[in-house]
Amino acid sequence: MNKNKKQNELNMFSLQNKESGFSVSDNYFDTLEKTVLTNLSTSKFPKENGFKVSNNYFSELESKIIENTSNSNKKTKVVSINKQFIRIASGIAAAVLFFITLNYNTNSKTTLDSLSESDFEYWLDINSLENNDITAILENDIIKDIDFSFANIDDSNIEDYLTDRELTSILNE
Amino acid sequence: MVEEALLIQQLKNSKTKNKAFKIVVSDYKERLYWHIRKIVINHDDTDDVLQNTFIKVFKNIDTFKEDSKLFSWMYRIATNESITFINKRAKKNTLNIEDYQQELVSNLQHDALFTGNEIQLILQKAIATLPQKQQLVFNMKYFDELKYKDISEILDTSIGALKASYFHAVKKIETYIKETKH
C-alpha cells in the first residue's frame with residue numbers, strides 16, 4: 001500500500017516538472033549561447049563613451065528648439081511651382097536679357113579679353129564652385145543634353161556620316 | 001510623463017500642439033542628442049541634426065500613424081537625419097562613408113568635448129570600422145540599452161537579424177581591440 005502511495009507521489013512530481021506551464025520562444029535556446037558569450041565579451045568594453053557637452057547645453061537647447069520650430073511655422077507659405085517651369089522661364093528671361101544687351105547696349109565693350117585676372121579671382125572668390133555643383137550641372141544639364149542629341153540622330157544620318165568619312169581615319173583613331 | 005496616447009492626441013491638435021511639443025522636447029532631447037552624437041560624432045553637427053530632427057517631428061506629427069511608439073518614431077527620424085547628414089558630408093569631402101567616419105573618430109583626440117580614455121577611444125575607432133547597420137545596432141543595444149523589440153521598430157528589421165548583427169558587431173569590436181592593444 002505504502003509502495004503504491006510513494007509511486008503515485010513520484011508520478012505526480014514528474015508530471016509537474018514536465019508540465020510546469022512555463023515556456024520560451026521557439027528559437028530562445030538557439031541564441032542563448034551566443035547571447036551569453038556576447039555579454040561576456042561586452043563586459044570587458046568600457047560603458048562610458050567619452051562624449052561630453054558643455055554644462056549649460058541642455059538647459060539652453062530646449063528654448064532654442066522651440067524658437068526654431070515656431071520660426072519654421074511662421075514662414076510664409078510658398079506656392080509650389082514646377083521646377084521645370086522655373087528653368088524654362090528663367091531660360092527665356094536670360095535669352096530676352098541677352099537679346100536686349102546685344103541690341104541696345106552697343107556701347108558696352110565688356111569682352112572676356114577686357115576682364116583682368118583680378119576680375120576672375122574676385123568672381124571665383126564670391127562664387128566658389130564645389131564638386132557637388134559641377135556634378136549636379138553635369139548630371140542635370142550636359143548629360144541630359146547629350147542623351148537628347150544622340151536620341152535624335154537617325155540611323156540613316158549615322159550611315160551617311162560613316163560613308164562620308166574615310167575608313168582609314170576611323171581605323172587610326 | 002504624460003500618457004503617450006494623450007500626448008500624441010495633443011500634438012495632433014493645433015490648439016494644444018505647442019504645449020505638448022514642449023513636453024516632447026523636454027522628455028526626449030537628451031536621449032535623442034546622445035543617439036545622434038554617437039553617429040555624427042562631432043557636437044556642433046549633432047546640434048544641427050537634433051534641431052532638424054525636432055523640426056521634422058513638429059512638422060510631420062500628423063503623418064505619424066501610431067503603429068509604433070512615439071519615441072521609436074522620433075528615433076527613426078533622428079537616425080535617418082544623422083545618416084543623411086554624414087552621407088552628405090562624406091560626399092562633400094569626396095570620401096566614402098567608411099573613410100569619412102574613420103577621419104571623424106581620428107579627430108576625437110583633439111576634440112575638447114571628448115574626454116574618453118585610451119580604451120574608450122579604441123572602442124569608438126572599432127565601432128567606426130563596422131558596417132553602418134551594425135554600428136547603429138551596437139550603439140542602441142550596448143550604450144542606449146534599448147530592447148531588441150524597440151530597435152526592431154526603429155530600424156524596421158526583424159529581431160533575429162538584429163541579434164545576428166549585434167553578435168557580429170561585438171565579435172569584430174573584440175577582435176579590433178585585441179589587435180590594437182597587442
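Lettering follows sequence order; numbering is per chain, from 1. All values derive from a computational prediction rather than experimental measurement.
- Interface remark: B/K29 contributes backbone and side-chain atoms alike to the contact with chain A (heavy atom separation under 4.5 Å).
- The shortest distance between side-chain heavy atoms of A/F45 and B/I122 does not fall below 4.5 Å.
- With values rounded to the nearest 0.5 angstrom, B/K178 atom NZ is found 7.0 Å from A/S41 atom OG.
- Counting heavy atoms from C-beta on, the side chains of B/D47 and A/L61 come closer than 4.5 Å.
- Interatomic distance, CZ of B/F21 versus CD1 of A/I65, reported as 6.5 Å (0.5 Å rounding).
- Contact of the A/K34 side chain with the B/K163 side chain is not registered, since no non-hydrogen atoms from C-beta on lie closer than 4.5 Å.
- Between atom CD1 of residue B/I127 and atom CG of residue A/N49 there is a gap of 8.0 Å, rounded to the nearest 0.5 Å.
- Salt-bridge check for A/K44 with B/E174: passed, with a basic side-chain N closer than 4.0 Å to an acidic carboxylate O.
- Interface summary for chain B: among A/T31, A/N27, A/D30, the most heavy-atom pairs under 4.5 angstrom belong to A/T31.
- With a 4.5 Å cut-off on non-hydrogen atoms, B/K171 does not touch chain A at all.
- Under a cut-off of 6.0 angstrom, the local environment of CD in B/E66 is crowded, with over 12 non-hydrogen atoms contributed by other residues, nucleotides or ligands.
- Of all the listed residues (B/S26, B/A126, B/G116), the one sharing the greatest number of non-hydrogen pairs under 4.5 Å with chain A is B/S26.
- The closest side-chain heavy-atom distance from B/W34 to A/V53 is below 4.5 Å.
- Judged by distance alone, with hydrogens and angles left aside, the side-chain atoms of B/Q120 form a donor-acceptor pair with the main-chain N or O of A/E48 at under 3.5 Å.
- A/F58 and B/V24 fall within the same hydrophobic cluster, where Ile, Leu, Val, Met, Phe, Trp and Tyr residues are linked whenever their side-chain heavy atoms come under 4.5 Å apart, directly or through other members.
- Heavy atoms closer than 4.5 Å to chain A are found in the side chain of B/L123, but not in its backbone.
- Side-chain contact between A/I66 and B/V25: present, with at least one pair of heavy atoms (C-beta onward) separated by less than 4.5 Å.
- Between A/F51 and B/H43, a ring centre-to-centre spacing not shorter than 6.0 Å is recorded.
- Within 6.0 Å of NZ in B/K12 there are more than 12 heavy atoms belonging to other residues, nucleotides or ligands.
- Using a distance-only test at 3.5 Å, with no hydrogens or angles considered, a donor-acceptor pair links the side chain of B/R37 to the main chain of A/K52.
- B/D156 CG: 12 or fewer foreign heavy atoms inside a 6.0 Å radius.
- Of the inter-residue distances, the one linking A/T38 atom OG1 with B/Y166 atom OH reads 7.0 Å to the nearest 0.5 angstrom.
- Heavy-atom contacts from other residues, nucleotides or ligands closer than 6.0 Å to CG of A/N39 number more than 12.
- Between the NZ atom in A/K64 and the CG atom in B/L50 there is a gap of 9.0 Å [rounded to 0.5 Å].
- Heavy-atom contacts from other residues, nucleotides or ligands closer than 6.0 Å to CG of B/D62 number more than 12.
- Other residues, nucleotides and ligands contribute at most 12 non-hydrogen atoms within 6.0 Å of the NZ atom of B/K56.
- Taking all atoms of both residues into account, the shortest heavy-atom contact from A/P46 to B/I119 is CD-CG1, 3.9 Å.
- Note that A/K47 lies in the cation-pi zone of B/Y142, set by a 6.0 Å cut-off to the ring centre and a 45° limit from the axis.
- Heavy atoms of B/L108 lying under 4.5 Å from chain A belong exclusively to its side chain.
- Within the 4.5 angstrom heavy-atom criterion, only side-chain atoms of B/Q124, from C-beta onward, approach chain A.
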